[in-house]
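Read through the structure below, which is laid out as C-alpha cells, and then see the notes.
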Amino acid sequence: MTDPKQYPLLSRIESPQDLRQLPEAQLEQVAREVRAFLLESVSQSGGHFAAGLGTVELTVALHYLYHTPEDRIVWDVGHQAYPHKILTGRRDRMRTIRQYQGLAPFPKREESVYDTFGVGHSSTSISAALGMAIAARQTGSRRRAIAVIGDGGLTAGLAFEALNHAGDIGADLLVILNDNNMSISPNVGALSNRFAQLLSGKLYTTVREGSKKVLSQMPSVWELARRAEEHVKGLVMPGTLFEEFGFNYIGPIDGHHLPTLLSTLRNLRELSGPQFLHIITRKGKGYAPAEEDPVKYHGVSPFDPQIGIQPSNKPAKPHYSDIFGDWICDMAKLDKRLIGITPAMREGSGLVRFEREHPDRYFDVAIAEQHAVTVAAGMACDGLKPVVAIYSTFLQRGYDQVVHDVVTQNLPVLFALDRAGCVGADGPTHNGSFDVSFLRCLPNMLLMAPADENECRQMLYTGFVHDGPAAVRYPRGSGPGVAIEKEMTALPLGKADVRRQGRRVALLAFGSLVPLAQDVGDKLDATVVNMRFIKPLDEALVLDLAQTHDLLVTLDENTIQGGAGGAVTEALAANGMACHVLHLGLPDSFLQHGAREDMLREAGLTIEQVEATVRRHLERASGERTLKSVG
C-alpha cells in the first residue's frame, strides 16, 4: 500500500472523483507526489519512464477538470499514460506493470473503464477520439472527447487524415499535442501562456465567431480579415497549419505550469467545434538523468534512483539487432547502393552506428511505415538497394505497400524484421505473431528465419543480393551463442539443414525454435531439421521425410494459422501424400504481456510441453497405422 506519510495526498486518491474533491491549490502537491511515486515504482519494476514524467501535470489537470470516465481521454501510444494509471485506481499495482498477469504496459480497455481505447502503435488517438465524438453527437450525449498525442505521433499520415476529417465535420473534439522535445521552445513563457489563455477565452471566441458571421457577407473584407488573423497569430505561434484543418489552435503553453494548464483547459472545455491545444513538456521532467538522456530512460529495467542506470559489466551475447547493425555497416562498405531506412526506430533496430558512419545513406522517415516501404520501392526502381529495418508488428501498418509497391513489381527491397515472435513485456500490440502468415502468401517473396546469430548474418546477405523482395525475421534479444563469421556467403535458396538424424518423428523447426527442437529431438531420438526458408520451402526434403517418418512436427514462432507449418501441409497435399502432421506455434488468440518464457509456456512451447505433445500424437499415429494394417 502507498505510504500516507510519504504520499499524503496521493494515498487518498483511488479514482479521479477523489482528485476532484481536492481544492485546486493542492494540485501541484499532487503532481509532485505522482512524479515521486512514478520514479519509485518504475525504478523497481522497470517500464516506460521518461515520457510519463513529462505528462504528470497534464494528467492531473485533465482528470481534475473533465468527468472521466464519462468524458473520454485517449492517450496516444501509451508510453505517456503511467500517471493516468496511477490516478485511476491502479496505483498500488504499478509495481506489476509489464509483468506476467500484472498491469498492461499501455492503456487497455479490459483493464479499466478509464482506458477508453487500447493502444500500442502510434498516431491512433485522434481517429479514435473523433469516432467517440461522432458517437456522442449521434446519441445526443454531452460527453467530451480528448486526444493526447505526442509530437512523434504527428509524423504519421493517420493523424493528419483524422485532423482533416475532424475539421471538415466540425466535431466537438479537443486534440492536445504533447510536444515533448528535449528542449523547451523559446516561445513558451509568460507572454505565450497569457496569450493562449486569452485566445481560449470567451471574449476572444465570441468576437471571433461574431466577426465571421458579419464579414462572411462581404467576401473581400472577410478574406482580408481571415488573412490578418492568420498573420497576427502566426507571429507568435505555429498554428496556421492546424487552423487550415479547421481547428481553433491555442498555444504553445508550458505543459508543466498547472495554473496555465487549468485555466486554458477550463476555457476550452466550454468551446464547441474542433480545438487544438499545443503544450510543451520535457521528457524525464523532475529526474535529472532522464531529462539529460530521455532516450536512455524511455524504457528501463529496474535501477537505483540515487545513481541512475549504470552500464552492465557482464559480457552479454549480442542481440539480433546488434547483429543486423554490424551487418548493414559491413554491407554498406561493400555496396555503395545500400540505403538504410527506419520508421523512427533507430536505436531499437540497431542503426545507431550506421547513421554515424553513413549519414548520407541513412533515412529515418519518422512514424510513417507506409511511406518507409514505398520510398524504398521508389529507390529500388532506380538502382538503389534499400534495406527497411522495421519491427514485425510495425510492418503490419505498411502491408498494402508491401503488396502493391514492392512485391507486385518484384523490386529488390530487403525487410529486416526485428522482434518476430513473442516480444515479452510489451504484449499483444508488439508481438510479431503474424508476419509469416501475411508474407508467405505473397508471390515473389523470399522469406527466411535464422536459427542462430551467424545464420542471421548470412541470411541478411542472401536477401540483399537476391534480385527481388526478401525478408529475414529474427527475434528480440540474443540467440543461442553461435560464433559469427565475418565472411558473408549467400545460402542456397530453399535448402534446409538437417541437424540431427533420428527415427519415426521429424521435427521441422523454423528460426527461433530450432534450439528447442534440438533439445526435444535428443529426448525423442527424432530427426531435427533447421528449415531456414519459409518460402521457398525445401519441398524435396519434406516429401522424403514424410515417406520415412511416422509423424512430422512443425515448430514456428508465428500463429499456426497461415504459419510456416501450413507450407508443409500444402506441399504434401500438392504432391498427393498422406502423412501425420502436427503443427506447433502461437495460438489463435492474443498472448498477453510478460516474459517471453511465460508467453511460450502459455503457447505450449517449452521443451517439456513439446515433448509430451509429440509423444501423444506419435502414439495416435502409431495406433492408426496398426488399424490400417489389420484392415
Side-chain angles (χ1 to χ4, degrees), residues 31-62 75-87 90-91 94-95 97-98 103-107 119-123 125 148-155 176-185 188 252 254-258 261 279-312 344-349 352 364 366-367 391 424-427 429-430 593:
R32 286 192 293 270
E33 292 183 20
V34 169
R35 185 168 277 113
F37 183 85
L38 186 63
L39 173 59
E40 179 191 346
S41 61
V42 177
S43 67
Q44 295 178 31
S45 66
H48 297 110
F49 184 52
L53 287 174
T55 60
V56 170
E57 287 81 8
L58 175 63
T59 307
V60 171
L62 285 174
W75 298 92
D76 212 273
V77 180
H79 299 150
Q80 55 187 342
Y82 280 29
H84 161 78
K85 286 180 181 265
I86 290 171
L87 291 174
R90 289 165 281 181
R91 181 191 63 239
M94 286 299 293
R95 290 172 182 81
I97 202 160
R98 303 175 85 239
L103 288 181
F106 307 112
V119 294
H121 288 190
S122 148
S123 313
S125 61
V148 183
I149 186 167
D151 56 343
L154 272 183
T155 62
I176 300 176
L177 171 59
N178 175 28
D179 190 350
N180 49 8
N181 276 320
M182 298 179 192
S183 60
I184 300 298
S185 177
V188 171
D254 185 347
H256 298 301
H257 191 253
L258 258 174
L261 269 177
I279 71 170
I280 303 294
T281 63
R282 189 179 183 96
K283 295 177 183 177
K285 174 70 174 177
Y287 184 62
E291 289 186 18
E292 294 168 7
D293 194 346
V295 173
K296 181 179 180 180
Y297 283 85
H298 169 71
V300 299
S301 299
F303 66 98
D304 183 345
Q306 299 301 317
I307 60 176
I309 298 174
Q310 298 298 303
S312 174
M345 296 304 297
R346 180 189 62 175
E347 288 80 12
S349 293
V352 173
D364 183 341
I367 304 174
Y391 289 8
D426 284 336
T429 59
H430 282 59
H593 56 281

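For the pair Arg35 and Glu57, the salt-bridge criterion is met [side-chain N within less than 4.0 Å of a carboxylate O]. Residues Glu291 and Arg282 are paired through a salt bridge, judged by an N-O separation under 4.0 Å between the basic side chain and the carboxylate. By the 4.0 Å N-to-carboxylate-O rule, Arg95 lies close enough to Glu40 to be salt-bridged with it.
Smallest separation of non-hydrogen atoms from Leu53 and His256: O-CE1, 4.5 Å. The two residues Ala290 and Gly284 come nearest to each other via the heavy atoms CB-CA, 3.6 Å. For the residue pair Pro83 and Leu38, the shortest heavy atom distance occurs at CG-CD2, 4.4 Å. The heavy-atom pair separating Asp364 from Ala344 by the smallest distance is OD1-N, 2.9 Å. Of all heavy-atom pairs spanning Pro105 and Asp426, the tightest one is CG-O, 3.6 Å. Closest non-hydrogen pair, Pro294 versus Ala50, comes out as O-CB, 3.8 Å.
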Criterion side-chain contact (heavy atoms from CB on, under 4.5 Å) on Ile279 and Leu58, from CA distance to verdict: CA-CA 9 Å; Ile279 71 170; Leu58 175 63; 3.7 Å; yes
Pair Ser349-Tyr391, side-chain contact (heavy atoms from CB on, under 4.5 Å): steps then yes or no: CA-CA 8 Å; Ser349 293; Tyr391 289 8; 3.9 Å; yes
Stepwise side-chain contact (heavy atoms from CB on, under 4.5 Å) check, Ser122 with Asp76: CA-CA 6 Å; Ser122 148; Asp76 212 273; 3.9 Å; yes
Test side-chain contact (heavy atoms from CB on, under 4.5 Å) applied to Ile149 and Leu154, step by step: CA-CA 7 Å; Ile149 186 167; Leu154 272 183; 4.1 Å; yes
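With sequence neighbours left out, the side chain to side chain contact (heavy atoms under 4.5 Å, CB included) criterion links His79 to His48, Ala51, Val77, Phe106, His298. In this structure, Tyr297 has no side-chain hydrogen bond (donor to acceptor under 3.5 Å, both in side chains) partners at least two apart in sequence or on a different chain.
Under the side chain to side chain donor-acceptor pair (under 3.5 Å) test applied with Gln80, the options Asn178, Thr281, Thr55 reduce to a single match, Asn178.
The ring of Tyr82 has its center no closer than 6.0 angstrom to the ring center of Phe37.
Considering NZ of Lys283 and CG of Asn180, their distance stands at 4.5 Å, rounded to 0.5 Å. Atom CZ of Arg98 is separated from atom OG of Ser45 by 8.5 Å, given to the nearest 0.5 angstrom. The CD1 atom of Ile367 sits 5.0 Å away from atom OG of Ser123, with the distance rounded to the nearest 0.5 Å. Remark: Leu39 CG to Gln44 CD distance equals 9.5 Å, nearest 0.5 Å.
Residues Val352 and Arg346 are in side-chain contact: their nearest non-hydrogen atoms beyond the backbone lie under 4.5 Å apart.
Pairs of residues two or more places apart, or lying in two chains, never qualify as salt bridge (Lys or Arg N to Asp or Glu O under 4.0 Å) while including a residue from residues 294-309.
Side-chain atoms of Thr429 do not come within 3.5 Å of backbone N or O of Gly120 as any donor-acceptor pair.
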